[in-house]
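Let me begin by presenting the structure, written as structure tokens, before commenting on it.
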Amino acid sequence: MSIAIRKLDSADAGFRDKLSAVLAFEASEDEAIDRAAATILADVKARGDAAVLECTQRFDRVQAASVAGLEIGKEAMQAALASLPEARRAALQTAADRVRAYHERQKKECGSDGFLYTEADGTELGQKVTPLDRVGIYVPGGKAAYPSSVLMNAIPAKVAGVQEVIMVVPTPDGVQNELVLAAAAIAGVDRVFTIGGAQAVGALAYGTATIPQVDKIVGPGNAYVAAAKRRVFGIVGIDMIAGPSEILVICDGATDPDWIAMDLFSQAEHDELAQSILLCPDAAYIARVEASINKLLDAMPRKDVIRTSLTDRGALVKVRDMDEACEIANMIAAEHLEISAEEPQQWADKIRHAGAMFLGRFSSESLGDYCAGPNHVLPTSRTARFSSPLGVYDFQKRSSVIRVSEAGAQTLGRVAAELAYGEGLQAHARSAELRLK
């Protein structure tokens, strides 16, 4: 049974409207979910550990005498790491090393050391960069267990200098994922609690007798987690509210079509709402990719999910040329953008909006998910127009440094007083004027 993936042509009338319809996605803010999350948060805020314990028993069917009994010690994390088959342990370590190396370079290149300069009159101005004290990382549990997300969230926090990283991960029916715990050991996570859902977000945001309050919560979760993160934003920082995963492939028509079909599958298999789109100027090549999709689908364990994703939200788009493909890519602002072409850099130079760019025929998006090095926590749903990948900078904040000399106060004081009087703020003006000779 072939996939009824939609095919669009940029030369057709109404193309932009048709493409917009494909891209349209609004995270459904289910009122029942939002109300449930609000109720759980209020309960955790009021009753702390007792509420967290009750929710964990109710939703995850995990019995414990106390929240302290839900904490996994560092010895257990190290034991999980030691229990892995050698090849998997080596792969996890290699991925962690590459992610750490990339973020250490990022820290150096992104001005994480701050700056200070002195003006002619002796006034010093600058910026001090300091890490957050404590960060909470939410890691999905149960069927969706992602050790790669542990690495991508914890390692940049540690590279930034965060003193304490606390991980929460639900363990339905008490089933723990050894690979997730091993990743926590490698990434340097300080404490792990086997709790999840809105109650975990509440515990991190408000703090309880056992779980300390954090400064920021990062990491993906289900609809209840997303609703809870929205509600606690402002009490703590959050990374983002992520939508379904996306891949956009720009291809010149010379890559093996099986490769491109599998790249589209790699996002479609996440869930039915994931989006996979191909832009190509060669109609015959698009037909070959479609044939590869239908040829390869049945061998995929998650073929039903892939089929639904490609049918409902996928598209194969014929464009006039590669320049137009780049224009359309900037409008889509995809989470993952592959430029599968002979000379990808010339097209990458035209891209303004993308979460991550994968250049060349051998740069499959899947490598970025696991071990290339750059972070895989990326903006979705067109938010790459104004957002960036998770990075070291997300775990730091900047304080302005102002040290005005006596001479500088004479000049700046008159400027400030004049503007303050203009705003009707006399105390501001007098504060500056009192320092004038």
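Just so you know, residue 1 is the first one in the sequence shown, and it goes up from there. Computed from a predicted structure; not experimentally measured.
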*Rounded distance [0.5 Å steps], SG in C326 versus CD1 in I339*: 6.0 Å

*Evaluate the side-chain contact (heavy atoms from CB on, under 4.5 Å) criterion for residues E86 and R89: first the C-alpha distance (whole Å), next the side-chain angles of each, then the deciding distance (0.1 Å), finally the verdict.*
CA-CA 5 Å; E86 184 177 350; R89 185 168 64 250; 4.2 Å; yes

*Verify, without hydrogens or angle tests, whether T311 (side chain) and T308 (backbone) share a donor-acceptor contact under 3.5 angstrom.*
no

*asked:* For the CG atom of D321 and the CG atom of D252, what is their distance to the nearest 0.5 Å?
replied: 12.5 Å

*Sort and list the pairs that fulfil ring-ring contact (aromatic ring centres under 6.0 Å, His included) and have at least one residue in residues 242-280, not counting sequence neighbours.*
W259-F362

*Does some side-chain heavy atom of L92 sit less than 4.5 Å from a side-chain heavy atom of L151?*
yes

*Can you tell me how far OG of S388 sits from CG of N375, rounded to the nearest 0.5 angstrom?*
11.5 Å

*Taking the side chain as C-beta and beyond, is there a heavy-atom pair between T383 and M240 under 4.5 Å?*
no

*asked:* Donor-acceptor pair, distance only, cut-off 3.5 Å: does the side chain of D394 make one with the backbone of G391?
replied: yes

_What I want to find out is whether D256 reaches R361 closely enough, with some N-O distance under 4.0 Å, to be called a salt bridge._
no

*For R58, look at atom CZ and say whether over 12 heavy atoms of other residues, nucleotides or ligands are found less than 6.0 Å away.*
no

*Which heavy-atom pair separates A384 from A334 by the least distance, and what is that distance?*
CB-O, 4.2 Å

Would you mind writing out the side-chain donor-acceptor pairs for residues 293-300 within the sub-3.5 Å range, not counting sequence neighbours?
from: N294; atom 1: OD1; to: I3; atom 2: N; distance (Å): 2.7
from: N294; atom 1: ND2; to: E290; atom 2: O; distance (Å): 3.1
from: K295; atom 1: NZ; to: D258; atom 2: OD1; distance (Å): 3.0
from: K295; atom 1: NZ; to: D258; atom 2: OD2; distance (Å): 2.9

*Tell me, yes or no, whether the heavy-atom count around K108 atom NZ, taken from other residues, nucleotides or ligands under 6.0 Å, exceeds 12.*
no

*Answer yes or no: does atom CZ of R61 have more than 12 heavy-atom neighbours from other residues, nucleotides or ligands under 6.0 Å?*
yes

*Of the non-hydrogen atoms in V319 and S10, which two are nearest, and what is the gap between them?*
CA-OG, 3.4 Å

*asked:* Looking at A274, is its backbone amide N or carbonyl O close enough to the side chain of S309 to form a donor-acceptor pair, meaning the two atoms are under 3.5 Å apart?
replied: yes

*Is the closest basic N to carboxylate O distance between D239 and K229 below 4.0 Å?*
yes

*Hey, does the side chain of S83 reach the backbone of A80 with a donor-acceptor pair shorter than 3.5 angstrom?*
yes

*When you measure from the side chain of R313 to the backbone N and O of L273, does any donor-acceptor pair fall under 3.5 Å?*
yes

*Can you see which heavy atom on V317 is nearest to which on I286, and at what distance?*
O-CD1, 3.6 Å

*Look at the side chain of Q275 and the backbone N and O of G314, then say whether any donor-acceptor pair between them is shorter than 3.5 Å.*
no

*Might you confirm whether atom CD of E343 has over 12 heavy atoms from other residues, nucleotides or ligands at distances under 6.0 Å?*
no

*Measure the OG-OH distance between S292 and Y285 for me, rounded to the nearest 0.5 Å.*
7.5 Å

*asked:* Given 3.5 Å as the limit, does a donor-acceptor pair link the side chain of H376 with the main chain of D369, or not?
replied: yes

*Does R403 reach the main-chain N or O of E124 with its side chain, forming a donor-acceptor pair under 3.5 Å?*
no

*asked:* Within the structure provided, determine whether M322 and P281 are in side-chain contact (heavy-atom separation under 4.5 Å).
replied: yes

*Identify the heavy atoms of A226 and I241 that sit nearest to each other, and give their distance.*
O-CD1, 3.7 Å

*Report yes if some heavy atom in the side chain of I328 is under 4.5 Å from a heavy atom in the side chain of F15; otherwise report no.*
yes

*Sub-3.5 Å donor-acceptor pair from the side chain of D49 to the main-chain atoms of V67, do we have one?*
no

_Under a 3.5 Å threshold, yes or no: a donor from one side chain and an acceptor from the other, between T210 and T208?_
no

*Give the C-alpha distance, both sets of side-chain angles, the deciding distance and a yes or no for salt bridge (charged side-chain N to carboxylate O under 4.0 Å, His left out) between D190 and K158.*
CA-CA 10 Å; D190 296 287; K158 281 297 184 180; 2.8 Å; yes

_Chi angles and distances behind the side-chain contact (heavy atoms from CB on, under 4.5 Å) call for V392, C110_ = CA-CA 9 Å; V392 171; C110 288; over 6 Å; no

_As an exercise, state the distance from CD1 of I260 to SG of C280, rounded to the nearest 0.5 Å._
9.0 Å

*Calculate, to the nearest 0.5 Å, the distance between atoms CD and CD1 belonging to Q199 and I211 respectively.*
10.0 Å

*Heavy atoms from other residues, nucleotides or ligands near CD of Q345 exceed 12 (cutoff 6.0 Å)*: yes

_T171 versus T194, closest heavy-atom pair with distance_ = OG1-CB, 3.6 Å

*Is the closest side-chain donor-acceptor distance between E335 and S245 under 3.5 Å?*
yes

_Do I402 and L125 have side chains that approach each other closer than 4.5 Å (heavy atoms only, starting at C-beta)?_
yes

*Whether over 12 other heavy atoms sit under 6.0 Å from H353 NE2*: yes

*Given side-chain contact (heavy atoms from CB on, under 4.5 Å), test I351 with N330 step by step and report yes or no.*
CA-CA 6 Å; I351 298 299; N330 282 321; 3.9 Å; yes

*Do you know the tightest heavy-atom contact between L53 and A65?*
CD2-O, 3.7 Å

*asked:* Enumerate the ring-ring contact (aromatic ring centres under 6.0 Å, His included) contacts for residues 50-74, please, sequence neighbours excluded, ordered by first and then second residue.
replied: none

*Where do N153 and M167 land on the side-chain contact (heavy atoms from CB on, under 4.5 Å) test, with the steps shown first?*
CA-CA 10 Å; N153 284 277; M167 187 174 101; over 6 Å; no

*Short question: side chain of R98, backbone of A372 - any donor-acceptor pair under 3.5 Å?*
yes

*CZ of R105: more than 12 outside heavy atoms within 6.0 angstrom?*
no

*Does I277 reach the side chain of L23, with side-chain heavy atoms less than 4.5 Å apart?*
yes

_Does R88, at its CZ atom, have more than 12 non-hydrogen atoms belonging to other residues, nucleotides or ligands within less than 6.0 Å?_
no

*Using a 4.5 Å cut-off on heavy atoms from C-beta on, say whether the side chain of V225 contacts that of N222.*
yes

*Would you mind reporting whether V305 and E272 have side-chain heavy atoms less than 4.5 Å apart?*
yes

